[in-house]
Amino acid sequence: MGLESHALGATITSVQILRDSCVRRSPGGPIGFAAAVVGARIDAVVRRGKFLWLDLDGGALALSAHLGMSGQFRVASVPAPTPHPHCRARFTLDGPEGPLALDFLDQRTFGYLDSEPLIATPDGLPGGLGSASPLVPDSVAHIGRDVLDPALRRARVLGQWRRGSRGIKQLLLDQTLVSGIGNIYADEALWRARVHPATPASGLSGRAAGALLEASREVMAEALAAGGTSFDALYVNVNGESGYFDRSLNAYGRGGEPCPRCGRPLMRAVMGGRSTHWCAQCQRTRARG
DNA sequence: AGTAGCACCTGATTGC
DNA sequence: TGCAATCAGGTGCTAC
């Protein structure tokens, strides 16, 4: 269910914080958070990487969210009287078609909600996907543009990657350079571009780096298409329940299974503290040209 | 400056 | 049977 189609133009009429830690980054705590957002009108739903925010009341303030690894928003016109056990916050919205419940669910509690001022982007281009507004919340300013963002400066990202001494997988996961690529999709992009995850980024040719960025874009676009077009599609079923995960993952989580491309057993190891899966046969140190 | 390592957290799974 | 250890994920902080 798309958040945008239901939330746009609606007014937040109440907030119920079911678990205080979901607003742990909000200086005013549950009370301050509620005071900031209740009564506000939702003017836009915007995403950059794994950050999501709602422009409120003409763009001075945002309700920002990070969904962590298991967070999601659910909209219901007839909400369950007892919220889901993983529901951390429940908003009541007053939309054109009547009241709606907007639940913030987050099983593993890495996600959070906050209210923040919006600040201008340095380039004056739209701050994220979903809105033409050149504003982003404070906490998003240091995050690089989304891999699917038309305003992404591609050549700049490639230069930053190739300047790093870390393995290319770690750079792929560095959200300050380009955002949106998580651990699962990083492995998939590397597999697709035939790049070994431990390749020193400085050793990648420009061509190889370009192929990897393009593969990342493709993987993210396909994941979004498979999960729908809603903003929360990236985060739904991160535990592996979705059809996309079942059918389309070529490398992630498949250590020991045959590589779908060459049949050799896939490898698994921890790199940069994250589980990493690759094919030693067809992922060498260079990308296909 | 750039990088490495860890804390945060919870439920499912595995091991004893 | 029951309890304990392990694991997964993204970000932000501290320490080098």
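Here is how names work: the chains are called A, B, and so on, in the same order as the sequence lines, proteins then strands, and each is numbered from 1.
- For A/Asn183, taking side-chain heavy atoms from C-beta onward, the closest of the listed nucleotides B/dC9, C/dG10, B/dA4 is C/dG10.
- In this entry the distance linking CG of A/Asp174 with P of C/dG10 reads 13 Å, nearest Å.
- A/Lys169 and A/Thr276 are linked by a side-chain donor-acceptor pair at a separation below 3.5 angstrom, with hydrogens and angles left out of the test.
- Using a 4.0 Å heavy-atom cutoff across all strands shown, A/Ser21 reaches no nucleic acid atom at all.
- Rounded to an integer number of Å, the gap from A/Gln170 CD to B/dG2 P is 16 Å.
- As judged by a 4.0 angstrom heavy-atom cut-off over every strand, A/Gly272 is placed among residues making no nucleic acid contact.
- Atom C1' of nucleotide C/dG10 and atom CD of A/Gln72 are separated by 17 Å, given to the nearest angstrom.
- Applying the ring-ring contact (aromatic ring centres under 6.0 Å, His included) criterion to A/Phe91, with sequence neighbours excluded, gives no partner residue.
- In terms of polar N and O atoms assigned as donor or acceptor, the side chain of A/Arg108 comes within less than 3.5 Å of the base of C/dA8 in a complementary pairing.
- Other residues, nucleotides and ligands contribute over 12 non-hydrogen atoms within 6.0 Å of the CZ atom of A/Arg24.
- Connectivity analysis of hydrophobic side chains (ILVMFWY, heavy atoms under 4.5 Å, direct or indirect) links A/Leu173 to nothing; its cluster partners are none.
- Along DNA chain B, the nucleotide nearest to A/Leu171 and the one nearest to A/Arg274 differ in position, and the one closer to the 5' end is contacted by A/Leu171.
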Using atom names, set out every protein N or O paired with an N or O of nucleotides 12-15 of chain C below 3.5 Å, distance rounded to 0.1 Å.
from   : atom 1 : to       : atom 2 : distance (Å)
C/dG12 : OP2    : A/His142 : NE2    : 3.1

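- When each of C/dT11, B/dA4, C/dA8 is scored by its nearest atom to the side-chain atoms of A/Arg268, the top-ranked nucleotide is C/dA8.
- OP1 or OP2 of C/dT11 sits under 4.0 Å from a side-chain N or O of A/His66.
- Phosphate proximity of B/dA12 to A/Gln107: absent, as no side-chain N or O sits under 4.0 Å from OP1 or OP2.
- Here B/dG11 presents its C1' atom at 7 Å from NE2 of A/His86, a figure rounded to the nearest Å.
- In this structure, A/Ser275 does not reach the C/dC7 phosphate: none of its side-chain N or O atoms is under 4.0 Å from OP1 or OP2.
- Candidate nucleotides C/dA8, C/dT11, B/dA4 were compared by shortest atom distance to the side chain of A/Arg166, and B/dA4 ranks first.
- In this structure, the CZ atom of A/Arg47 is 14 Å from the P atom of C/dG10, given to the nearest Å.
- Note on ring orientation: taking the six-membered ring where Trp is involved, the planes of A/Phe51 and A/His142 are perpendicular (angle over 60°, cut-offs 30° and 60°).
- As a whole-Å value, the separation of A/His277 NE2 from C/dC7 P is 13 Å.
- Hydrophobic cluster membership of A/Met271, counting Ile, Leu, Val, Met, Phe, Trp and Tyr whose side-chain heavy atoms lie under 4.5 Å apart directly or via other members: A/Met267, A/Trp278.
- Distance A/Phe110 CZ to B/dC9 C1': 5 Å, rounded to the nearest Å.
- The nearest whole Å value for the distance from the CG atom in A/Leu177 to the P atom in C/dG10 is 16 Å.
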Run the side-chain donor-acceptor check on residues 153-162 of chain A: report pairs under 3.5 Å with partners two or more places apart or on a different chain.
from     : atom 1 : to       : atom 2 : distance (Å)
A/Arg154 : NH2    : A/Gly210 : O      : 3.4
A/Arg162 : NE     : A/Leu204 : O      : 3.0

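- A/Gly111 comes within 4.0 angstrom of no nucleic acid atom, judged by non-hydrogen atoms across all strands.
- For residues 51-65 of chain A, the pairs satisfying side chain to side chain donor-acceptor pair (under 3.5 Å) are A/Trp53-A/Asp55, A/Ser64-A/Glu116, with sequence neighbours left out.
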